[in-house]
Amino acid sequence: MTPTPKSDLIARSNRLGSDPRVTNYAGGNTSAKGTEIEPASGKPVELLWVKGSGGDLGTLTEDGLSVLRLDRFRDLVDVYPGVEREDEMIEAFPYVLFGTGGAAPSIDTSMHALVDAAHVDHLHPDSGIAIATSADGEALTATIFGDRVAWVNWRRPGFQLGLDMARIKAENPGTIGAILGGHGITAWGDTSDEAEANSLWIVDTAEAYITSHGRADPFGPVLAGYEALPEDERRTKAALLAPHIRALVSTDRVQVGHFTDSAEVLDFLSSAEHPRLADLGTSCPDHFLRTKIKPLVLDLPASASVEESVARLAELSEQYRVDYQAYYDRNATPDSPAIRGADPAIVMIPGVGMFSWGANKQTARVAGEYFVNAINAMRGAEALSTYAPISEAEKFRIEYWALEEAKLARMPKPKPLATRIALVTGAASGIGRAIAHRLAAEGACVVIADLDLAKAQAAAAEIGNTDVAIGVKADVTSEAEVIASVHAAVLAFGGLDLVVNNAGLVLARSLLETSEADWDIQHDVMSKGSFFVSKAAARVLIDQKLGGDIVYISSKNSIFAGPDNIGYSSTKADQSHQVRLLAAELGGYGVKVNGINPDGVVRGSGIFSGGWGAKRAATYGVPEEELGLYYAQRTLLKREVLPENVANAVFVLCSADLSHTTGLHIPVDAGVAAAFLR
């Protein structure tokens, strides 16, 4: 297949976007110019293909490109009303699209269209931002790059920046790109390969100069007492702090979290200059749109207890909200969008790491990644000069830009369980797997806990990437493993909202055939295991102060007295009463506790395929392959019960429609009169 400007652009974008040195997720944009035949006239027309609004370079496809007619875009120069009204120009972009136009054009489209080069890259490399945010950025640009790279004073992205960049290239024909003050880099070329090479040369040259000329301790000396804790200790402390932090950052709206204890974060927090630099906040527009203008940083040493840390974080959070409101009030104009909430997006704990927060896991993770980028940019700027981000007023103009508000308004409506974090035990197969899939489909982040780690991870991978689901090992008969699985959930997603006690097994034997070991293992897994899971989860739910749900997958056997099943049925009765006891105990914390009583879930069941099905079939005198049909025929509705039917009931119990229901058991048995609740 013959390469085209468009195919070259996509390949180049994917390469650049996959290199974390070059740009971050959804950051930057690339473009190509070329000619195609316009179907309406049959004549050639010059086009611009450019990454659309909100897209990601590393995963860019043709669908993510905006396609515009260059002749019509250049005509916009003649109607440009000036920098004070430049935002109006975005309204003209739909009128210069080619055909259906592809993705929505981003605010950076003007720079790509107006710069006279066949291929243009705009990127946010840490090394480039380090130069762009240095107090001596203009002089450093000349020293590092000579006359090959121009310096451009800070200007908010838009039509005027496009005009400025076009003028700079026209007046300096030997340049291959520019450092955009407070922002990032731009490079260009006559071919896609040349543009990519120029972009990488700027990145590599900046990196090399910082390494060879920068100070060895740009963040200052180590701050005594703020060094990183040992890994096990810091992650345990992080897991204990996370629910309290989530309660604080969810004052305005519930948030999902991400935790990182990367070397960059721990080094930053252990250094003497971290309070000053953190207070200056980020600079690159892509950064503070996701991280807010600055983080909340705990001002206690790593040795501070969890209790001391929680108390101080509450004070700092209250002050952060006051300060953020004041920031908004100082800078807002009558036409500014309403404040979007005053809670921090980044919370940093010396010796432990960093929590980042957002409307979903991906948003939270990307916010954390962006702040690590900001740390790297600060390091480079401080190594060569002094970190000097753009002014507060300019940060506000970006954060509360009407165009960004319009982008947020285009976001799809959240799913019913968005921002909720679920832990399902025994979820690698059968009912648990179906529950995990349904909760994820409704917007929840899901932790699949199972005795078999490999199967748990495989089941999680069926649902999606680790922004959606993870698999963890959990032997529910071990309190230590249960606590570890809850900690894993908290560190993966920032907290816990919804717990499903589903792990179970069956040893179908009569009274005289049931051994002590048979009795103990069933009660250990289901009675004691549910107790361990509920206890560990309740600690998190109480600390979060966000309510929550605990659901027990009990059984119709908790009510119905069937033959040859004393061990299983009695432990299910135990679980059934745990529901009532915990509903009464946890209701004061807003935690709902409910149960589901399935019957005869044969298809897809790990329990039935493990020998239980054969024994039940023998008890009832039917072939094993007809056991599901047998169970269906004995019900009032004559319907076979499937794992998905149980999953549906779990979703309903945890949805807003049953927000006032606790202590309930829902039969999912197609109608077994002997198991009717009385």
Side-chain angles (χ1 to χ4, degrees), residues 8-33 48-61 64-66 102-115 117 119-133 149 152 154-158 161-162 165 176-189 192 194-207 282-291 362 366-367 369-374 376-377 380 390 398 401 403-404 407:
D8 285 345
L9 168 62
I10 293 172
R12 176 174 99 246
S13 302
N14 294 162
R15 288 191 296 271
L16 292 172
S18 299
D19 186 345
R21 297 181 316 116
V22 172
T23 200
N24 28 34
Y25 179 83
N29 32 70
T30 50
S31 67
K33 300 178 179 74
L48 172 75
W49 295 272
V50 59
K51 191 202 82 170
S53 178
D56 171 54
L57 288 176
T59 56
L60 184 68
T61 64
L65 296 174
S66 295
S106 78
I107 193 61
D108 285 310
T109 299
S110 301
M111 178 167 57
H112 291 272
L114 299 177
V115 168
H119 295 266
V120 178
D121 297 333
H122 168 56
L123 305 167
H124 301 137
D126 295 344
S127 60
I129 299 173
I131 308 302
T133 57
V149 177
V152 181
W154 160 258
R155 185 181 290 283
R156 190 175 65 161
L161 180 59
M165 294 298 296
I176 63 167
I179 300 291
L180 308 183
H183 189 165
I185 74 167
T186 295
W188 45 74
S192 182
E194 183 180 20
E196 183 175 2
N198 289 340
S199 292
L200 294 175
W201 182 83
I202 294 174
V203 174
D204 293 342
T205 302
E207 281 184 356
T282 53
S283 183
C284 176
D286 274 34
H287 291 181
F288 56 77
L289 280 171
R290 293 165 172 83
T291 66
Q362 184 191 65
V366 170
E369 291 172 358
Y370 270 70
F371 201 82
V372 171
N373 292 130
N376 292 336
I390 62 176
I398 293 288
W401 203 352
L403 299 179
E404 289 296 333
K407 185 190 297 185

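In what follows, every heavy atom counts, from backbone to side chain, and hydrogens, waters and symmetry copies are set aside.
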Heavy-atom side-chain proximity of [X] to [Y] below 4.5 angstrom:
X    : Y    : value
V152 : I179 : no
H183 : P157 : yes
W49  : I10  : no
D204 : S127 : no
L57  : N14  : no
M111 : W188 : no
R156 : I398 : yes

So which heavy atom on [X] is nearest to which on [Y], and how close?
X    : Y    : value
S283 : G182 : OG-O, 3.2 Å
G52  : S106 : C-CB, 4.3 Å
A377 : T133 : O-OG1, 4.4 Å
I202 : A187 : CD1-CB, 4.1 Å
D121 : A195 : OD2-O, 3.4 Å
A103 : S66  : O-OG, 2.6 Å

Next on the checklist: With side-chain contact (heavy atoms from CB on, under 4.5 Å) as the test, pick out the partner of H122 among T186, L161, V50, I185.
Outcome noted: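 For H122, the side-chain contact (heavy atoms from CB on, under 4.5 Å) test succeeds with only one of T186, L161, V50, I185, which is T186.
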
Under 3.5 Å, side chain of [X] to main-chain N/O of [Y], donor-acceptor pair present?
X    : Y    : answer
K33  : A117 : yes
N198 : G177 : no
T205 : W201 : yes

Checklist outcome for this item: When rounded to the nearest 0.5 Å, the distance separating CG of N29 from CG of L123 is 8.0 Å

Item to check | Residue pairs involving residues 194-203 (criterion salt bridge (Lys or Arg N to Asp or Glu O under 4.0 Å); sequence neighbours excluded) | outcome: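 For residues 194-203: R15-E196.
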
Item to check | Pairs involving residues 102-112, ordered by first then second residue, that meet salt bridge (Lys or Arg N to Asp or Glu O under 4.0 Å) (sequence neighbours left out) | outcome: none

Test side chain to side chain donor-acceptor pair (under 3.5 Å) applied to [X] - qualifying residues, sequence neighbours left out:
X    : answer
T23  : none
T61  : none
D126 : N373, N376
T30  : S13

Item to check | With H112 via ring-ring contact (aromatic ring centres under 6.0 Å, His included) - residues at least two apart | outcome: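 Counting only residues at least two positions away or on another chain, H112 forms no ring-ring contact (aromatic ring centres under 6.0 Å, His included).
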
Item to check | Sequence-distant partners of H119, ring-ring contact (aromatic ring centres under 6.0 Å, His included), two or more places apart | outcome: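 With neighbours one apart ignored, the set is empty.
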
By side-chain contact (heavy atoms from CB on, under 4.5 Å), which residues pair with [X], not counting sequence neighbours?
X    : value
D8   : P3, S192
E369 : Y25, R365, V366
T282 : H287, F288, T291, F371, A374

Next on the checklist: One pair to check against side-chain contact (heavy atoms from CB on, under 4.5 Å): I107 and W401. What are the steps and the verdict?
Outcome noted: CA-CA 11 Å; I107 193 61; W401 203 352; 3.4 Å; yes

Item to check | For R290, all residues meeting salt bridge (Lys or Arg N to Asp or Glu O under 4.0 Å), sequence neighbours excluded | outcome: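 So R290 forms no salt bridge (Lys or Arg N to Asp or Glu O under 4.0 Å) with any residue.
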
